[in-house]
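Contents: one structure, followed by commentary.
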Amino acid sequence: MIKPLSALRALLLCLASVTAAQAEVLLSEEEIAQTLAHGPWPPAFEPDASNRVSGDADAIAFGQVLFFDPILSRNGDMSCASCHDPEHGFAESRPRAVGQVLLDRNTLSLMNLSAHRWFGWAGDTDSIWAQSITPLLNPDEMGHDAGSLKTALMQSDQAQEYSDIFGPISEQDSEEVLVNTSKALAAYQETLVTGQTSFDLFRDALEQGDLERAALYPEGAQRGLQTFIGRGNCAFCHSGPSFSNGEFHDVGVPYFVTETRVDQGRFGGMQALKASPYNLAGRYSDDPDKRGAWAVENVRMSHGDFGIFRVPSLRGTAHTAPYMHDGSLPDLRAVVQHYNEIDLERLHADGEAILMPLGLTEGEIGDLIQFLNSLSDD
């Protein structure tokens, strides 16, 4: 006698075989080659040479404790996780972050940070640890200065753990404590990596020549991928395994914060980057070869950098709404609709001639959204 559970399992396997036989891979050879460029994923871990505790298990554990501890805010009322919520892809659901006041920008996800060269919407830092310093010292966010942070840590339960990793905290100056704290935070954030998704299984099956397994990827998602790498030209900016070129572009989103105040975007970010004592050309980098310093020293500002923002990764993007630097687009449909009907008058006159209205049908919009969701189902 066949047990009911066994019979059900056999039926499901039979149905899966029929479905696989009916499904097919829709991509051309050229589209397959373009698809392979978006992997493999996840990448192998490479320690950050500018951070001596990158990859260190004790520093990672300490950084995780600090990340969720309100001691990192001067008045003790918020932690890093207050804005970077693990349940929301280490971003948050509000259009614009709220620190001590309403901030100007949407909270970027902290997933897959190691894939980037510049950090923050404007690229005002060039390492994960330097980016971690920014909210600590911003009076509108965590509100510490180096001295108050050292005092708070010395009076906390974390003082011994800090000293075990970095040496006696009481013997270090405040700036050293600030930088070490940020490097522990960075060590933890480096571990926040999204896993393989249904897109990655599809991509890997194509690479292995296993078309039967690749055909299990939904045809709607395949059609959306074709739009993404083809007619939509999305892969021009959202390229590579992380689905981001890590650079800065104008996508027609207004940069006015109020009627009288603008967000300078990359233009202001480069000013902050060059002025920062924490950039990779500075003395706080642990890399004896100062790799990365050349980028800080050679980056040049231009008028076209005004009001442009970093291209975010699309991995895990379904979990991090709302979107854009100002959080003005509430969901993925709104994002696709933005590009579908983009107002070319909002683009810089001297900007890149990349974007044109897509003119997608409702069905094509649905397919593109299905593809984007397949980058988040790990």
Side-chain angles (χ1 to χ4, degrees), residues 45-56 59-60 62-63 66-67 72 74 80 105 108 110 113-154 162-163 165-190 246-248 264-302 305 308-310:
F45 174 72
E46 293 185 13
D48 176 5
S50 73
N51 179 1
R52 66 191 184 282
V53 296
S54 174
D56 179 87
I60 292 168
F62 181 48
L66 289 175
F67 188 88
L72 292 189
R74 188 163 193 154
C80 302
R105 295 175 183 160
L108 275 168
L110 297 182
L113 288 182
S114 294
H116 294 287
R117 179 171 66 165
W118 310 110
F119 299 90
W121 280 108
D124 49 319
T125 52
D126 56 359
S127 69
I128 303 174
W129 58 267
Q131 178 59 31
S132 299
I133 291 175
T134 300
L136 293 178
L137 298 185
N138 187 345
D140 291 337
E141 296 185 66
M142 312 297 267
H144 270 300
D145 56 49
S148 65
L149 178 64
K150 177 181 177 181
T151 299
L153 286 171
M154 287 183 65
Y162 175 100
S163 298
I165 297 169
F166 297 108
I169 188 172
S170 60
E171 298 176 11
Q172 298 173 16
D173 66 44
S174 298
E175 281 290 312
E176 187 176 2
V177 172
L178 169 67
V179 171
N180 286 339
T181 299
S182 73
K183 288 180 177 178
L185 286 168
Y188 167 60
Q189 290 172 75
E190 288 172 342
E247 295 301 328
F248 304 82
Q264 294 184 4
R266 180 58 169 158
F267 188 85
M270 278 195 283
Q271 290 177 315
L273 174 69
K274 284 181 168 293
S276 173
Y278 311 113
N279 65 41
L280 292 180
R283 68 186 182 93
Y284 294 107
S285 169
D286 296 324
D287 183 0
D289 297 324
K290 289 290 189 288
R291 284 165 288 185
W294 65 270
V296 181
E297 294 164 347
N298 292 288
V299 70
R300 296 288 182 267
M301 292 180 288
S302 71
D305 295 319
I308 65 173
F309 299 89
R310 200 192 81 198

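Just so it is clear, the values below take in all heavy atoms, side chains as well, and ignore hydrogens, waters and symmetry mates.
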Could you walk me through whether Ile133 and Val179 satisfy the side chain to side chain contact (heavy atoms under 4.5 Å, CB included) test, starting with their C-alpha distance in whole Å, then the side-chain angles of each, then the deciding distance to 0.1 Å, before giving a yes or no?
CA-CA 7 Å; Ile133 291 175; Val179 171; 4.3 Å; yes
Euclidean distance, Asp145 CG relative to Glu175 CD, rounded to 0.5 Å:
9.5 Å
Are the side chains of Phe267 and Met301 in contact, using a 4.5 Å heavy-atom criterion?
yes
Shortest non-hydrogen contact from Arg52 to Asn180?
NH2-OD1, 2.8 Å
Is there a side-chain contact between Lys274 and Val299 in this structure, where contact means two heavy atoms from C-beta onward sitting under 4.5 Å apart?
yes
Atom pair CG (Leu149) and CG (Leu153), whose distance is rounded to the nearest 0.5 Å
4.5 Å
Between Ser285 and Ser50, the two heavy atoms sitting closest are OG-CB, 3.4 Å
From Asp305 atom CG to Arg300 atom CZ, the distance as rounded to the nearest 0.5 Å
12.0 Å
Apply side chain to side chain contact (heavy atoms under 4.5 Å, CB included) to the pair Asp126 and Val296, showing each step before the final yes or no.
CA-CA 8 Å; Asp126 56 359; Val296 181; 2.8 Å; yes
From the list Lys183, Glu46, Glu190, side chain to side chain donor-acceptor pair (under 3.5 Å) partner of Ser54 resolves to Glu190
State whether Phe248 and Arg310 meet the cation-pi test: NZ (Lys) or CZ (Arg) under 6.0 Å from the six-membered ring centroid, and within 45° of the perpendicular axis.
no
Determine the interplanar angle of the Phe166 and Tyr162 rings, folded into 0 to 90°, and report it as parallel if under 30°, tilted if 30 to 60°, perpendicular if over 60°.
tilted
Within the distance-only criterion (no hydrogens, no angle test), does the side chain of Ser276 pair as donor or acceptor with the backbone N or O of Leu273 below 3.5 angstrom?
no
How close do Asp173 and Glu176 get, counting heavy atoms only, and between which atoms?
OD1-N, 2.7 Å
Indicate the atoms forming the closest heavy-atom contact of Arg74 with Gly143, along with that distance.
CD-O, 3.1 Å
For a quick test of reading the model, state the closest non-hydrogen atom pair linking Ala281 to Lys290 and the distance between them.
O-CE, 4.1 Å
If you round to the nearest 0.5 Å, how far is CG of Leu185 from CG of Leu136?
6.5 Å
Separation of Arg291 CZ from Asp48 CG (nearest 0.5 Å):
9.0 Å
Tyr284 vs Tyr278 aromatic rings, parallel, tilted or perpendicular, using cut-offs 30° and 60°?
tilted
For Ile128 and Leu110: C-alpha separation, side-chain torsions, deciding distance, then whether side chain to side chain contact (heavy atoms under 4.5 Å, CB included) applies.
CA-CA 10 Å; Ile128 303 174; Leu110 297 182; over 6 Å; no
Minimal heavy-atom distance between Gly120 and Leu108, with the atoms involved, is C-CD1, 3.7 Å
Could you walk me through whether Trp118 and Glu247 satisfy the side chain to side chain contact (heavy atoms under 4.5 Å, CB included) test, starting with their C-alpha distance in whole Å, then the side-chain angles of each, then the deciding distance to 0.1 Å, before giving a yes or no?
CA-CA 8 Å; Trp118 310 110; Glu247 295 301 328; 3.7 Å; yes
Taking atom OG of Ser127 and atom CG of Leu280, what is their separation to the nearest 0.5 Å?
5.0 Å
Using only atom types and a distance under 3.5 Å, with no angle test, would you say the side chain of Thr181 pairs donor to acceptor with the backbone of Val177?
yes
